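Take a look at the structure below.
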Amino acid sequence: MEIDFSKFETELKELQDFMAKPDAYADSNYATKAKRQSELNELFETKSELESLEKSKAEAEALVNDPELGEMAKLEIEESTQKIAELKEKLEEMVIPRDPADDKPAQVEIRAGAGGDEASLFAGELYRMYLHYAEKHGLRTELISQNENEAGGMKEVIFRVSGERPYGQLKFEGGVHRVQRVPVTESQGRIHTSTVTVAVLPEAEEADLEIKPEDLRIDIYRSGGHGGQGVNTTDSAVRITHLPTGIVVAMQDERSQQQNRVKAMTVLRTRLLEKKHEEDLANASNARKSLIGTGDRSEKIRTYNFPQDRITDHRIHYSRSNVSAAMDGDIDDLILELTKNEREFQKEA
């Protein structure tokens with residue numbers, strides 16, 4: 001892959017000129033531009049390191065036949081060759097255009113699908129899996145809403161993930177997760193198959209799209225279920241209907257009507273942005289759609305086979321063992337393989 005560094009030099013010069021302005025910090029995009037400048041500085045530092053290594057390797061190659069320095073030169077060539085390959089791969093990854101949504105907070109929605117109580121139990125396990133993953137990677141999670149059932153599982157849970165590249169780390173988790181195992185309630189020892197749908201959405205900001213007040217119907221009602229002693233005594237639950245699309249969001253987990261309203265609007269805004277993204281994707285090329293699947297909620301992306309202790313991601317045909325470790329948040333290899341697959345596609349595009 002041949003990299004044209006001239007455009008990055010121009011971009012870095014423009015950012016340096018911007019940062020040199022006395023009022024640069026007052027710009028609303030200051031943080032974004034500062035981060036981009038840091039990325040470009042790292043790019044050119046890596047380029048400089050690569051050029052230095054290539055020069056050292058060439059000098060060593062000239063000494064290979066020297067009776068005194070030949071062996072030392074061969075060792076240096078071997079070490080340099082490996083390091084050069086690593087730096088070239090790093091540079092290729094650095095210049096691949098990143099999804100601008102990767103740095104946004106992620107809204108994760110998990111819903112029990114086919115399988116009754118077993119599906120809801122697995123939905124709860126997936127929720128805990130993502131909480132453990134987030135904790136291990138320094139990501140912050142915030143519960144938005146949950147709907148539990150009598151079996152101790154979850155019919156639905158929505159939570160927010162923030163921190164370093166939250167959407168970028170979790171975006172490939174969207175789709176249908178299938179579990180195969182013997183439920184604790186199964187007396188005959190038969191293996192059951194259940195499904196859980198996961199949606200991972202980049203959180204929308206107010207600037208991302210306009211929602212007209214006249215397009216909303218807002219209903220206030222009395223909360224029920226979780227939320228503490230005061231939750232059932234006031235009309236604090238909020239249901240917002242977006243009339244043009246028919247999307248409905250209900251929120252009741254907070255005691256305050258205003259808090260529930262803010263959360264409901266955040267979820268609604270994010271779902272509307274997802275709808276727009278889906279419409280854009282429908283018009284995209286078939287090659288783009290087949291990158292690693294569409295992320296559609298009806299698409300089976302992964303199977304957790306407990307009897308065989310095997311996890312299979314069907315999009316990239318990748319399998320591994322140790323399901324229990326995955327349930328404890330150890331899914332780094334799955335996310336890494338999916339990320340590598342995306343990069344390979346972008347290199348070819």
Side-chain angles (χ1 to χ4, degrees), residues 1-5 8 35-36 38-40 42-43 45-47 49-50 53 81-104 106 108 126 129-130 132-139 161 163-178 198-202 277 281 284-296 299-305 309-323 325-349:
M1 178 181 177
E2 195 67 32
I3 301 173
D4 178 13
F5 285 97
F8 297 111
K35 184 175 182 180
R36 180 56 179 164
S38 177
E39 290 172 349
L40 289 173
E42 185 183 359
L43 172 70
E45 287 168 6
T46 304
K47 176 178 178 287
E49 185 181 355
L50 173 62
L53 271 170
T81 300
Q82 181 179 348
K83 184 64 176 174
I84 286 170
E86 292 173 357
L87 288 176
K88 283 184 175 179
E89 185 177 351
K90 181 180 178 181
L91 279 173
E92 287 181 2
E93 291 179 1
M94 292 173 79
V95 299
I96 291 173
R98 279 178 53 188
D99 184 344
D102 282 357
D103 293 318
K104 290 192 172 188
V108 184
L126 285 182
M129 178 181 83
Y130 292 128
H132 288 311
Y133 174 84
E135 184 179 3
K136 290 177 180 179
H137 290 269
L139 300 172
V161 184
E164 184 71 22
R165 293 185 66 250
Y167 179 69
Q169 292 191 56
L170 295 172
K171 61 183 178 182
F172 300 123
E173 294 301 298
V176 175
H177 294 242
R178 183 174 68 171
V198 176
V200 183
L201 317 175
H277 170 71
L281 187 62
S285 67
N286 289 330
R288 180 68 186 87
K289 292 175 189 175
S290 64
L291 173 55
I292 54 162
T294 63
D296 189 272
E299 180 186 17
K300 181 184 69 180
I301 63 164
R302 192 177 298 156
T303 296
Y304 304 75
N305 189 312
D309 190 29
R310 185 180 68 246
I311 298 175
T312 301
D313 196 289
H314 305 289
R315 297 163 293 180
I316 53 175
H317 310 293
Y318 173 79
S319 293
R320 56 160 273 197
S321 58
N322 206 343
V323 177
M327 292 293 97
D328 195 36
D330 180 14
I331 54 173
D332 294 69
D333 60 314
L334 290 160
I335 290 174
L336 177 62
E337 289 298 324
L338 289 159
T339 303
K340 283 169 59 178
N341 188 78
E342 179 190 42
R343 287 173 179 163
E344 287 303 314
F345 176 86
Q346 289 174 324
K347 286 179 186 178
E348 296 169 6

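What you see is a predicted model, and the numbers here were worked out from it, not measured in a lab. For the single chain, residues carry numbers from 1 onward in sequence order.
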For [X] and [Y], which heavy atoms make the closest approach, and how far apart are they?
X	Y	answer
Glu49	Lys83	OE2-CE, 3.6 Å
Ile311	Leu334	CG2-CD1, 4.2 Å
Val161	Pro166	O-CB, 3.4 Å
Thr46	Met94	OG1-SD, 4.0 Å
Arg320	Ala325	NH2-CB, 4.0 Å
Ile301	Glu173	CD1-O, 3.5 Å

For the atom pair [atom1] ([X]) and [atom2] ([Y]), what is the distance rounded to the nearest 0.5 Å?
X	Y	atom1	atom2	value
Ser319	Arg302	OG	CZ	11.0 Å
Arg315	Phe172	CZ	CZ	8.0 Å
Asp313	Tyr304	CG	OH	8.0 Å
Asn305	Arg178	CG	CZ	8.5 Å
Glu93	Leu43	CD	CG	12.5 Å
Ile331	Leu336	CD1	CG	12.0 Å

Next on the checklist: When you compare the side chain of Tyr318 with that of Leu338, does any pair of heavy atoms fall below 4.5 Å?
Outcome noted: no
Checklist entry - Taking C-beta and beyond as the side chain, do Gln169 and Asp102 meet within less than 4.5 Å on heavy atoms? => result no
Next on the checklist: If we ignore hydrogens and angles and just use 3.5 Å, is the side chain of Asp309 paired with the main-chain N or O of Asn322 as donor and acceptor?
Outcome noted: yes
Next on the checklist: Determine whether a donor-acceptor pair (N or O, by modelled atom type, separation under 3.5 Å) exists between the side chain of Arg310 and the backbone of Thr312.
Outcome noted: no
Checklist entry - Between Asp332 and Tyr133, does a side chain to side chain contact (heavy atoms under 4.5 Å, CB included) hold up when you go through it step by step? => result CA-CA 8 Å; Asp332 294 69; Tyr133 174 84; 4.2 Å; yes
Next on the checklist: Go through it in stages, so that I can follow the logic: the residues are Asp328 and Lys136, the test is side chain to side chain contact (heavy atoms under 4.5 Å, CB included), and I'd like the CA-CA distance, side-chain angles, deciding distance and then a yes or no.
Outcome noted: CA-CA 10 Å; Asp328 195 36; Lys136 290 177 180 179; 4.1 Å; yes
Do the side chains of [X] and [Y] get close enough for a salt bridge, i.e. N-O under 4.0 angstrom?
X	Y	answer
Glu337	Lys340	yes
Lys35	Asp103	yes
Glu342	Lys171	yes
Glu89	Arg343	no

Next on the checklist: If you count every heavy atom of other residues, nucleotides or ligands that lies below 6.0 Å from Glu39 atom CD, does the total exceed 12?
Outcome noted: yes
